[in-house]
There are 2 protein chains.
Amino acid sequence: MVTISQIAAELGLSKATVSRALRGVPGVADVTVATVRAAAETMGYIPDVAAAGLATGRSRAVAVVVPSLSRWFYNSVLTGIDRGLRSLGYDTVLYDLDRSVGSWPHVFVRSDLRRRVDGLIAVSMMFSAEELAEFSSLDIPMIAVGPTTHGFRTIGIDDAAVMTTATEHVLALGHQELGYLGGFDSQSRSLGGAVEREHAFMTAALDAGAVVDPTWMLAGRYRQSIALEVVTPVFRSDSWPTALVCASDEMAIGAMYAIQAAGLRVPQDVSVIGVDGHEYAQAYDLTTCAQYPEAQGELAARQIIAEVEGGPSRLSFEPADYQLVVRGSTGPPRASR
Amino acid sequence: MVTISQIAAELGLSKATVSRALRGVPGVADVTVATVRAAAETMGYIPDVAAAGLATGRSRAVAVVVPSLSRWFYNSVLTGIDRGLRSLGYDTVLYDLDRSVGSWPHVFVRSDLRRRVDGLIAVSMMFSAEELAEFSSLDIPMIAVGPTTHGFRTIGIDDAAVMTTATEHVLALGHQELGYLGGFDSQSRSLGGAVEREHAFMTAALDAGAVVDPTWMLAGRYRQSIALEVVTPVFRSDSWPTALVCASDEMAIGAMYAIQAAGLRVPQDVSVIGVDGHEYAQAYDLTTCAQYPEAQGELAARQIIAEVEGGPSRLSFEPADYQLVVRGSTGPPRASR
DNA sequence: CTGAAAGCGCTAACAG
DNA sequence: CTGTTAGCGCTTTCAG
């Protein structure tokens with residue numbers, strides 16, 4: 001294992017100079033830098049992060065806390081974060097909180113995060129006041145991606161605006177009988193903007209004078225499997241909405257399956273619209289209000305590193321892009337055909 | 001920030017004793033241990049992993065390399081690994097290789113992994129001989145989960161056996177006209193046992209004298225969206241198989257959607273069977289040959305830590321459980337009703 | 001522009 | 001059972 005001192009010895013230089021040359025610290029002769037780097041290369045030098053970390057107090061790693069890895073939004077954000085972090089020379093230390101609802105030990109923060117990471121990115125997480133206090137005591141930059149997270153600067157879409165856009169799309173198509181597929185993901189620690197979305201839907205629907213039968217307010221809990229189950233009985237009954245607004249594309253896909261299995265057609269009998277821009281939306285010809293989780297993750301990575309490396313902390317909320325993508329799952333209601 | 005020396009000073013002990021007491025090293029008076037731990041607790045001591053790492057050469061972290069995070073199998077394995085690792089006091093350092101097909105810099109191994117992790121777990125990865133050599137030169141325990149990975153001890157199902165089981169299920173139901181939905185995921189670095197599965201299918205089908213029209217061999221590339229697209233034309237043509245054997249549940253779900261959209265019924269018109277035991281399989285009433293990726297991940301975590309902590313390296317292949325789960329998507333073919 | 005020296009916080013012989 | 005003494009490999013004043 002080759003160290004900095006060996007390079008120094010080899011070249012008749014001091015450890016300090018070699019260290020500076022390797023890191024590109026200004027104030028070293030260009031020739032020296034070149035020589036040192038060449039030697040490091042040929043000798044097969046690999047920096048020891050632990051040693052550097054001890055000396056600097058930095059680990060070149062950031063913690064990423066996710067509520068679960070199985071949902072598309074979360075793992076997409078994580079993909080973006082990992083890519084962003086790695087391109088900046090940082091590692092991703094994963095903290096998957098799946099199935100740890102309400103049981104996250106405070107210990108987590110103190111003993112695990114401390115000194116192990118330079119920053120923390122929380123994806124769609126809800127934290128208790130106690131946990132938040134522990135985080136703050138870590139005194140490292142923190143940032144959230146997803147719905148606005150109390151105590152965190154956050155990057156994310158405007159959930160209300162997105163849902164309003166989606167709802168207005170079907171309203172504009174002439175639908176007056178609307179269903180909503182949303183609910184809460186009780187299994188995870190994420191809130192996912194569920195409240196904002198549902199509220200925006202109701203507001204837009206009622207403002208337009210649409211009919212929203214209470215039995216059409218479905219709790220798909222943000223999972224495709226549950227969506228499939230709760231949607232099924234509605235479209236096998238004799239009263240169903242002409243348009244179903246879904247709070248996520250995963251739920252929308254489950255709903256479309258249930259609707260077809262019930263013998264109805266999308267969009268002829270019922271229009272379906274989702275939110276997210278899921279990678280499968282195109283194949284399912286699903287109209288959706290798309291957001292770009294990987295981009296959000298990459299942005300989070302860049303911003304946290306900027307802060308870690310001394311930059312100032314930015315705005316408290318960074319609005320992310322979204323866009324209505326109209327496909328074949330939405331159309332005018334039967335009556336107005 | 002409180003250190004070990006502060007505790008030592010406070011208690012009038014030496015750093016060494018405090019260190020030993022804290023780590024539970026045998027050979028310290030019980031009273032001393034108790035006193036030290038109590039003091040550490042009240043003083044709010046938190047160990048510095050970097051310092052410990054420098055001294056021991058261990059980081060208490062393991063690298064997990066995945067081909068992508070968006071596919072259920074991969075993220076499920078990762079969930080299991082993270083849970084296992086964390087329960088043993090180790091951190092998960094993520095290396096998501098999504099979209100880095102063929103472009104993985106050798107640099108990766110040398111500069112990133114070295115000294116940063118104590119072990120490496122590769123999930124469904126294919127490595128070049130060159131990469132493999134670099135891994136080996138790291139001289140840390142390595143283990144793979146998924147299909148047998150050259151150069152790695154691996155934990156995984158017997159892909160051929162699983163596919164044989166699935167195929168024989170529809171054969172036993174009386175199907176004689178079989179389709180296969182498989183292919184390769186060219187986007188990722190994973191092979192995923194695709195070859196073994198396809199071969200096992202063909203063997204079982206031909207052995208039973210079944211008809212497998214070449215146009216029924218579909219390349220869904222292990223993605224639901226692509227499966228949906230390639231399956232659609234087949235069931236809109238005038239010649240289709242009575243049973244479709246899918247190499248993954250994700251593809252099977254896409255296929256079922258396509259079949260229904262084409263106006264056919266599952267299982268009345270066509271039976272569909274998958275492989276994986278996807279979390280959505282139950283909701284879709286999909287018959288599948290299930291495997292348990294989270295359990296595989298947890299096992300991998302336990303085994304790698306056992307090795308890291310001095311245990312011997314075990315068998316070269318650890319067969320994982322699988323089980324045929326019969327649901328409503330498979331039934332006898334039309335003719336024999 | 002380069003070198004010497006001190007030290008980051010902890011562990012690991014080696015003594016006692 | 002406990003203390004002393006060296007480092008682990010790198011960064012960082014402070015001199016020159």
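The figures that follow rest on heavy atoms only: side chains count, while hydrogens, waters and symmetry mates do not. So that the names make sense, note that chain A is the first sequence line, chain B the second, and so on, each numbered from 1.
- When the P atom of C/dT2 is taken as reference, atom NZ of A/Lys15 falls 18 Å away, rounded to whole Å.
- Rounded to the nearest 0.5 Å, atoms CE (A/Met43) and CD (A/Gln6) are 5.5 Å apart.
- Residues meeting the ring-ring contact (aromatic ring centres under 6.0 Å, His included) test with A/Tyr292, sequence neighbours left out: none.
- Here CG of A/Leu88 is found 11.5 Å from CD1 of A/Ile304. Values are rounded to the nearest 0.5 Å.
- Taking every side-chain heavy atom of A/Thr56 into account, D/dT11 is the closest of C/dT2, D/dC8, D/dT11.
- Taking every heavy atom of residues 16-26 of chain A and every atom of DNA chain C, pairs under 4.0 Å involve A/Ala16, A/Thr17, A/Arg20, by number.
- C/dA6 atom P lies 18 Å from atom CG of A/Leu54, rounded to whole Å.
- Mapped onto DNA chain D by nearest heavy atom, B/Ala51 and B/Ala29 fall at different nucleotides, with B/Ala29 at the one closer to the 5' end.
- Contact between the side-chain N/O atoms of B/Thr32 and the OP1/OP2 oxygens of D/dT2 is found at a separation under 4.0 Å.
- The distance between the ring centers of A/Phe73 and A/Tyr222 does not fall below 6.0 angstrom.
- Judged by distance alone, the side chains of A/Asp82 and B/Tyr95 never bring a donor and an acceptor atom under 3.5 Å apart.
- Of the candidates D/dG3, C/dC10, D/dG9, the closest approach to any side-chain atom of A/Asp48 belongs to D/dG9.
- Residues A/Ser124 and A/Pro67 share a closest heavy-atom pair of O-CG, 3.6 Å.
- Residue B/Arg115 places its side chain closer to D/dG9 than to any other of D/dG3, D/dG9, D/dT11.
- Atom CZ in A/Arg58 sits about 18 Å away from atom C1' in C/dG9, given to the nearest Å.
- If you measure from atom CD1 of A/Ile4 to atom P of D/dC10, you get 5 Å, rounded to the nearest angstrom.
- Note: CD1 (B/Ile7) to C1' (D/dG3) measures 17 Å, nearest angstrom.
- One can place CZ of B/Arg116 at 21 Å from P of D/dC8, the figure rounded to the nearest angstrom.
- In terms of heavy atoms, A/Val25 sits closest to A/Val28 at O-CG2, 3.6 Å.
- At whole-Å resolution of the value, CD in A/Gln6 and P in D/dC8 are 11 Å apart.
- The residue among A/Ser5 and B/Gly12 whose nearest nucleotide of DNA chain D lies closer to the 5′ end is B/Gly12.
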